[in-house]
Structure formats: structure tokens, C-alpha cells
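Okay, structure first, notes after.
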Amino acid sequence: MTPYARRGVHGQTVEALAHRILGGEIPEGATLDLVALQGELDVSLTALRESLKVLAAKGMVDARQKRGTFVRARADWHLLDADVLRWQFEGGRTTEADRSLLRDLAEVRVTIEPAAVRLAAERRTDADLVALAAALEAMGQHDAGPAHAVEADLTFHRALLAATHNELLERMEMVIESGLAHRDRIVHSSPHSRDPVPAHRTVLDAVRDGDPSAAEAAMRALLDQAGRDLERIHGTDDTKGTGGT
């Protein structure tokens, strides 16, 4: 169950509307028929309006006199918002906007993670190394299923960002995780997926050794291989370089 869906009717309504907008069912510029939506979603008008306030705060909708409530242009959406990123990749959509966003996220990861891991190699503490080793061990539990593999991978990359001891880099996890989780769900569900442990162990070894250059090189190799794995499974280069197992 998704985070908003756990919040009852209000959260479920937020999720339903977000997916309709991000999936193009309710296009940019469209004016919302609140009465019709109230009936379709079987919610009170109050619950519907409260849900729309959440989406308004994320730049997705707005309300004006004489025009009513409408979907704002994609350029106005808060695409770095953790919920918006998550919604973007849910539902298995394959629109050009989705592919473009995934490519953008791939470029962000390739820009951030090699530089971040250099800092991690210089600044990691014993506690950081313990967290990274635990995540790597969890990643090696191959019989635990795809969901476990995805979470272990996310935990490893969160720990790497935390090891930079840079608060702003740590906050980048919400951007990196969305592309990584989407990529992982595809790769780890494939019977032909590679064992992710060796590439991650190379990164961890370099961080443990305090070798920034080796850590950066290991991360770049990991990201390159991850992109090739996804290309092989997907049969397309649309998401090449998406980074991370």
C-alpha cells in the first residue's frame, strides 16, 4: 500500500487524482468537474477539496474564479517532490514524459553519486561502514525476493549519501531513490538479472579504504553496468544509465 493510501479516504483520493493527472487521463489545462469526480471516487465534496489542496501544494492543480479547478502545466509541477516522483513511476506507464524523466534522473545520478562517494570515502565513520556492510549483506539474500532486493539496494545508496555527512546531499536521496526503485523493480523481477553484490562490494571496499578515486571509479562502473543491465532486459536504450542495482 502506498504512503497516501494508508491515510484512509483522503489519502486514497489524493493517490487516485495524482495518477489520473500523471497518466494523462486528466490532461494539462483540463478543468476538473468536481461533481463528476465526487461521484466517480465516491467521496464527499469536502474530502475531494482537501485532496486537491494537497495536489495544489505540489503545483499540479490550481483554482481560479470563473475557471474553477484545473490541471496546471507540467512545467509548474514540483517534479522533485518525493510523492510526485513516486507517482510518476507507478502504474507501469510508458509515456514519453515518463521516459524523459527517467533519463533526466539517470543523468542526475551519474552527476551526483560518483562525487558523493568520493566524499563518503573521505568522511565515513565506523557507523557508516557498519550500515553499508549491513545493506550489502541484505543485498546478498537472493532468496528473499525482488521487494527485499529493491529495499536493500535503496538502503545501500541511502547509507552512501549519509556517509558524505553533507545534509544537502543526504536530502538528494528522494530524487535518486525514485529512479533507482523503478529501475530495480524491473531488473530484480527479471530471471536474467545479475548479482548486484560484487559491484557494490567494490564500492564499499574503496570507501572503507578511504580511497576517493577508487570509490568514484567503482561507482561509475556500477552505474554503467546497471544501465547496460536494464537495456538488455528492456530491449531499449531509453533508460540507459538509470543507475544503481
Side-chain angles (χ1 to χ4, degrees), residues 78-86 88-89 98-139 149-188 194-231 237-245:
H78 300 170
L79 291 178
L80 292 182
D81 180 275
D83 291 320
V84 177
L85 282 166
R86 175 175 57 81
Q88 186 79 36
F89 293 121
D98 297 324
R99 288 190 289 267
S100 178
L101 181 60
L102 195 54
R103 286 193 295 268
D104 289 347
L105 280 168
E107 292 175 356
V108 168
R109 294 199 64 206
V110 170
T111 301
I112 291 173
E113 289 201 87
V117 81
R118 288 188 67 93
L119 290 178
E122 295 171 349
R123 300 175 179 177
R124 87 290 183 275
T125 64
D126 289 342
D128 293 324
L129 293 176
V130 169
L132 285 163
L136 188 66
E137 181 178 357
M139 203 179 299
V150 171
E151 184 54 39
D153 198 3
L154 293 174
T155 299
F156 185 90
H157 288 270
R158 285 190 205 108
L160 275 179
L161 291 175
T164 67
H165 296 278
N166 179 305
E167 186 177 8
L168 295 180
L169 279 174
E170 289 182 51
R171 299 295 177 87
M172 289 302 296
E173 73 174 69
M174 71 177 186
V175 178
I176 289 173
E177 284 189 15
S178 297
L180 175 56
H182 179 70
R183 180 260 175 210
D184 276 359
R185 283 191 291 270
I186 296 170
V187 172
H188 291 303
R194 293 173 181 261
D195 181 0
V197 172
H200 287 76
R201 181 179 291 115
T202 301
V203 173
L204 173 54
D205 287 346
V207 170
R208 182 183 289 115
D209 292 343
D211 189 333
S213 295
E216 179 181 356
M219 178 57 71
R220 290 191 182 280
L222 186 155
L223 294 172
D224 288 345
Q225 184 59 61
R228 289 193 295 272
D229 287 347
L230 186 57
E231 182 182 354
D237 61 2
D238 281 340
T239 49
K240 186 174 183 180
T242 40
T245 80

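For E137, the side chain to side chain contact (heavy atoms under 4.5 Å, CB included) criterion is met by no residue, not counting sequence neighbours. Shown here are the side chain to side chain contact (heavy atoms under 4.5 Å, CB included) partners of V108, two or more places apart in sequence or in another chain: I112, M172, V175. Legend: residues meeting side chain to side chain contact (heavy atoms under 4.5 Å, CB included) with A215, ordered by chain and number and at least two apart, are V117, A121, A206, V207. Scored by the side-chain hydrogen bond (donor to acceptor under 3.5 Å, both in side chains) test, H78 finds no partners at all (sequence neighbours excluded). For D128, there are no salt bridge (Lys or Arg N to Asp or Glu O under 4.0 Å) partners, not counting sequence neighbours. By the side chain to side chain contact (heavy atoms under 4.5 Å, CB included) test, A138 pairs with H148, A152, sequence neighbours left out.
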Does the pair H165 and E122 meet the rule for a side-chain contact (heavy atoms from CB on, under 4.5 Å), with working shown?
CA-CA 10 Å; H165 296 278; E122 295 171 349; over 6 Å; no
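The salt bridge (charged side-chain N to carboxylate O under 4.0 Å, His left out) analysis of residues 200-219, with sequence neighbours excluded, yields the pairs R118-E216, D205-R208, E216-R220. Here salt bridge (charged side-chain N to carboxylate O under 4.0 Å, His left out) pairs that include residues 155-176, with residues two or more places apart or in two chains, are E151-R158, R158-E173, R158-E177, E167-R171.
Contact between L132 and F156 at its shortest, heavy atoms only, is CD2-O, 3.5 Å.
Using modelled atom types, no side-chain atom of T164 and backbone atom of L160 make a donor-acceptor pair closer than 3.5 Å.
Using a 4.5 Å cut-off on side-chain heavy atoms (C-beta onward), L85 and Q88 make no contact. Using a 4.5 Å cut-off on side-chain heavy atoms (C-beta onward), T125 and V130 make no contact. Between R86 and M174, the closest side-chain pair of non-hydrogen atoms is not below 4.5 Å.
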